Asks: 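Right, I'll just put the structure down here and ask away after.
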Amino acid sequence: MYDFISSEKKWQDKWNDLKVGEVNYDSSKPKFFLIWAYLTVSGFHHVGHMRGYSYADAICRYKRMNGYNVLLPAGGHATGNGTISKAYNVRSKDPQTIEYYKELGLNEKDLEKISTPFGFINFFKNIYIKDYKSYGFIGDWRRFVVTTDKEYNKFIEWQFKKLKQKDLLVQKPYFATACVECGPVAVDPSEMDLKKGGNAQKNEYTILKLKFEKDNQYVVVATLRPETIFGQTNIWLDYNVTYTKLKVGEEVWIASKEFAEKLKYQKENIEILDEIKGKDLVGKYVTPPIINREIIILPSEFCDPNIGTGIVTSVPSDAPIDWIGLFDLQRSKELTEKYGLDFEELKKIEPIAIINSKGFGKFPAIEICKKYNINSQKDIEKLEEAKKEVYKKGFHTGVMLENAGKYSNLKVEQAKEEIRNDLIKSNLADIFYDLSEEVVCRCGKQVVIKKIDNQWFIKYSDKELTNNTISHIKDMLLLPEQYKKNLPNILNWFDDRACARQGNWLGTKFPFDKTYTIEPISDSTLYPIFYLVSLYINQGIVKEEQLTENFFDFVYLGLGDSEIISKEISLDIKLLLQIRKDVEYWYPLDINLGGQDHLTVHFPVFLMNHVALLPKKYWPKGIIVNWWVINKSGKISKSKGGVRSIGQEAKTYSVDAIRLFYSNIASPFVNIDFPEEDLIKYKQRLEKIYYFIVDLENNFKLLEIKNLNNIDRWLESKFNQRLKNIIGSMDKIEFKEATDDIYFNIYNDLHWYLRRGGNNKTLLKEIIKKWTLSFGLFTPHIAEELNEVLGNQELVSTSVFPKVNDSKIDESLDTNEKNIENISSEIRTVLKMANIEKPKTIKIIVSKSWKYDFYKDLKSELEVTRNVGQIISTLMSKYLDYKSEIGKIVPKLLKQPSLLENITSQELDLKFFKEILLFLESEFSTKMEIYKAENFNDLKSETASPAKPGIIVE
RNA sequence: GCUGGGAUUCCCGAGUGGUCAAAGGGGCAGGACUUAAGAUCCUGUGCUUAGUGCUUCGCAGGUUCGAAUCCUGUUCCCAGCACCA
């Protein structure tokens, strides 16, 4: 048995000992610089990570074998509060956390180590490098960086100073999600910061001020549809809830207590004045802005004081729930009287048509309630669905009706914006942000939306920056291809981004206000260039205090005087100049490879920061986005558990098989599963190839040393064709195509060669050797192992990738082999049809001579016209003797023009069949006979054609 | 909602106007080898037929001498979406 595990260890040690991945400035070689996007330091690697890394390593190995000096560094992203909360969970002995780590092999001592944020980071940092090596990735791990390193902080400080100097840092108010206790938190599905509510959306409500009883006193309602203001007939609140009067500036607002509390985070000078009971409001009237007619306050059961202001405006024409609410009241005298309302008065309220939407009449809400058969405001689920449908249709296809005043005939999409802006401008409305569901911080306290007055932003909206970036990406390698189309849209859409926050976070202190910490996305945009300095930092040659603004200005931007700077920071001038040279040598980055989660955030900011801060010659040259490994429950991610240990997987399937699986199972740009059966198949495939080559090697002495015959030349030609394809695929980063050729097609070619009696020792040796080298890209361990079996001294990893010998490619040799397959297949079909298993003889009748000429003429005629009648009449005049046959043959051939390819002549076909006679006889274990149609009296002699010789089995 | 992508023969997955009943892999079936099993190798795998003919590439139309491939409509599915790495 081929021992995958010990072979892996053996070659990994060798690569490590020979420091294949450790690279330095070398002006004699072209450089290639690739990174994979930072790994978040939050636990173990899983098989999803290994997918991207495998692609990165395959590209790097290919480049290395083509003479490039290849730099592949790595680093860990630890800023933010991920590590803080992970370490906290360990420290506080959260049972789930402890169990998880124990399952993955950590002992008590390890747990102790990872119970502080920095302990956690250091522990995993070492594991990561071990993981890279254990999967056979060759990189320069000396340069490993963690974003919480103090030297890294200096780099980020420098970056932000540069951003400021370029006027790309701006301050303005911002509404952020924040825990009332611990400050800003991220609300996202990974729920890194949260206990609950990761899927919540930030909604922007328009607060309408409805005048109530006296000037400057308003009942306020929150709406997402300010354009429906013209259809208001009443407002809703809860009869049993006690509302609050609050002072907002000079005004008094009436709303729920919960709203008042939340508003405090978004507005200054909020004061709670008084309480007012819902039942005291019901039946009274308010005056909404713009429409200026009184509408009544009515009770309902669907007003949640936690949502919006707890009071809702009612537009029964377009909001299903409003219509049903009204309907419930209008049909029950009993109910209205209970609330002390005038039943007859209430019945007079009618919906007001305001919007014309495609597929709906005047009152969409009423129609949809009928459609969904909604009869009561208690049908909450149906109402929700109905609301969505009406809203969607209205938003996209709706047009405002005449009663909308100056907004008449505007599209809803447009009217919504204008109405909102006008209302706010004239102080008739306000903005309020709220979360769509309850969100709870990890600490247990509520998460709200909080206004931050002087929030710092990176100005990604900057026109010049955006345009420069968009025009730069035209020249970039961007994979998948569709991303190239998508990226300009993303860049245009990308708005200013809040870049620093207060609270308990790891990261670089914001240089212009040290109470802020730079947030995690913003500190991981320019970092590939830091690997060029981290090499010296990690060796202890360059110290934190030497990483001044002038230092970075010089090494990254070439600014300043090296002698002065060298003295200023007491750094050897030779070293300073060397670092500058390194930067000039390695930059720009050739490829940044990362998962699809980076599509709309990381990659855009990575690009824009490079474009903003570095000279054009240092702008990145490529981005490759790989998709994920998913399982039944969705994306494999650490935060959701369900992580597979990469070590266990490697033991079970072998590293080479896993890597081949990633490259061959599908394109890098689709999500894949990680199914055991497939992994096993790939492992078996590798074993098959291994034993095939080992057996061949053992039998080399049985083979002949001789000149090339036809089948030898075919193999040589075919192999060179495959190699050419492989190289083409690798240049286009098409792993699936490349691995299909390497692990399947060439294998099949060699089998065919042997079956056809190929036994040329010199040729086979040469081809097997080259083939083995090609394994070095995807399955490097087995490649080295086989290379050693073949007696080669040099490592595959440092060998030169085989070159194509174009002069050996001769496609006519393929035709020959193809014809052999075809005739074999035809014979088999005939045998099956005739129901003969063991034929005594097989006769092949080669078509009559004239047909060869005729086929050739027909083919060239086809290039002139596709008109059947015309073709026939042209050809008939030339082949007068065969008129009746031509009439039958031509229409058939027109349907199957492939039969006209590669027509030679009767003599050549006779020769061909004689040459393969022995092969066919052994394939069918019988006697073969070959005849000219002219000399063989049988029906088959008439039907035999150049593309299909007659076959008679007996 | 915004932006982008997709639907192919039992499955995965190639395929962008004729050479396509459609690569490759898997599964399944038959055969060879083997004491046997497994592995390996060969063959087959839409229906039909002495090598023919017919029907297929989400659904419905259209352009063309010719469409899996182009156009229109339609249904369904997927991905990313800002203090989240």
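Remember, predicted model here, so these are calculated numbers, not experimental data. Lettering follows sequence order; numbering is per chain, from 1. Atoms considered below: every heavy atom in the structure, side chains included; atoms not considered: hydrogens, waters and symmetry mates.
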Asks: How does protein contact run along nucleotides 36-46 of chain B, one letter per nucleotide 5' to 3', with B for base contact, S for sugar-phosphate only, - for none, heavy atoms under 4.0 Å?
Replies: ----SSSS---
Asks: Partners of F494(A) by ring-ring contact (aromatic ring centres under 6.0 Å, His included), sequence neighbours excluded?
Replies: Y460(A)
Asks: What residues, two or more places apart in sequence or in another chain, satisfy side-chain contact (heavy atoms from CB on, under 4.5 Å) together with K732(A)?
Replies: E734(A)
Asks: Can you name the residues that form a side-chain contact (heavy atoms from CB on, under 4.5 Å) with E676(A), not counting sequence neighbours?
Replies: Y653(A), I680(A)
Asks: Is the ring centre of Y53(A) less than 6.0 Å from the ring centre of H45(A)?
Replies: yes
Asks: Measuring from the side chain of L599(A) (C-beta onward, heavy atoms only), which nucleotide among rA82(B), rG24(B), rG80(B) has the closest atom?
Replies: rG80(B)
Asks: Using atom CH2 of W628(A) as one end and atom C1' of rC78(B) as the other, report the distance to the nearest whole Å.
Replies: 12 Å
Asks: Under 3.5 Å, which donor-acceptor pairs link side chains of residues 664-672 of chain A to any protein atom two or more places apart or in another chain?
Replies:
unit_1	atom_1	unit_2	atom_2	d
N664(A)	OD1	Y682(A)	OH	2.6
N664(A)	ND2	T739(A)	OG1	2.9
N664(A)	ND2	D740(A)	OD1	2.9
S667(A)	OG	F669(A)	N	2.8
N671(A)	OD1	Q596(A)	NE2	3.2
N671(A)	OD1	W628(A)	N	2.7

Asks: For P949(A), report the nucleic acid contact type (base, sugar-phosphate, nothing); a contact means any heavy atom under 4.0 Å.
Replies: base
Asks: What is the distance, to the nearest angstrom, from the CG atom on D814(A) to the C1' atom on rU19(B)?
Replies: 14 Å
Asks: Scan G950(A) against the nucleic acid and name what it touches under 4.0 Å (heavy atoms): base, sugar-phosphate only, or nothing.
Replies: base
Asks: Can you tell which of rG80(B), rA23(B), rG51(B) lies closest to the side chain of T829(A)?
Replies: rG51(B)
Asks: Any cation-pi pair here, K450(A) with Y265(A), using under 6.0 Å and within 45°?
Replies: no
Asks: Just the rounded figure in Å: distance from P of rU3(B) to CD of Q482(A).
Replies: 16 Å
Asks: Taking atom C1' of rG26(B) as reference, at what distance in whole Å does atom OH of Y682(A) sit?
Replies: 9 Å
Asks: Give me each pair satisfying salt bridge (Lys or Arg N to Asp or Glu O under 4.0 Å) with a member in residues 481-510 of chain A, each pair once, sequence neighbours excluded.
Replies: K172(A)-D496(A), R497(A)-E519(A)
Asks: Any idea which of rA14(B), rG80(B), rG24(B) is nearest the N745(A) side chain?
Replies: rG24(B)
Asks: Under 4.0 angstrom, heavy atoms only, what part of the nucleic acid is V605(A) near: base, sugar-phosphate, or nothing?
Replies: nothing
Asks: Take the protein atom CD1 of I726(A) and the nucleotide atom P of rG24(B), then report the distance between them rounded to whole Å.
Replies: 16 Å
Asks: Provide, to the nearest angstrom, the distance between the CD1 atom belonging to I746(A) and the P atom belonging to rG24(B).
Replies: 15 Å
Asks: Figure out the OH/P separation between Y662(A) and rC12(B), and round it to whole Å.
Replies: 20 Å
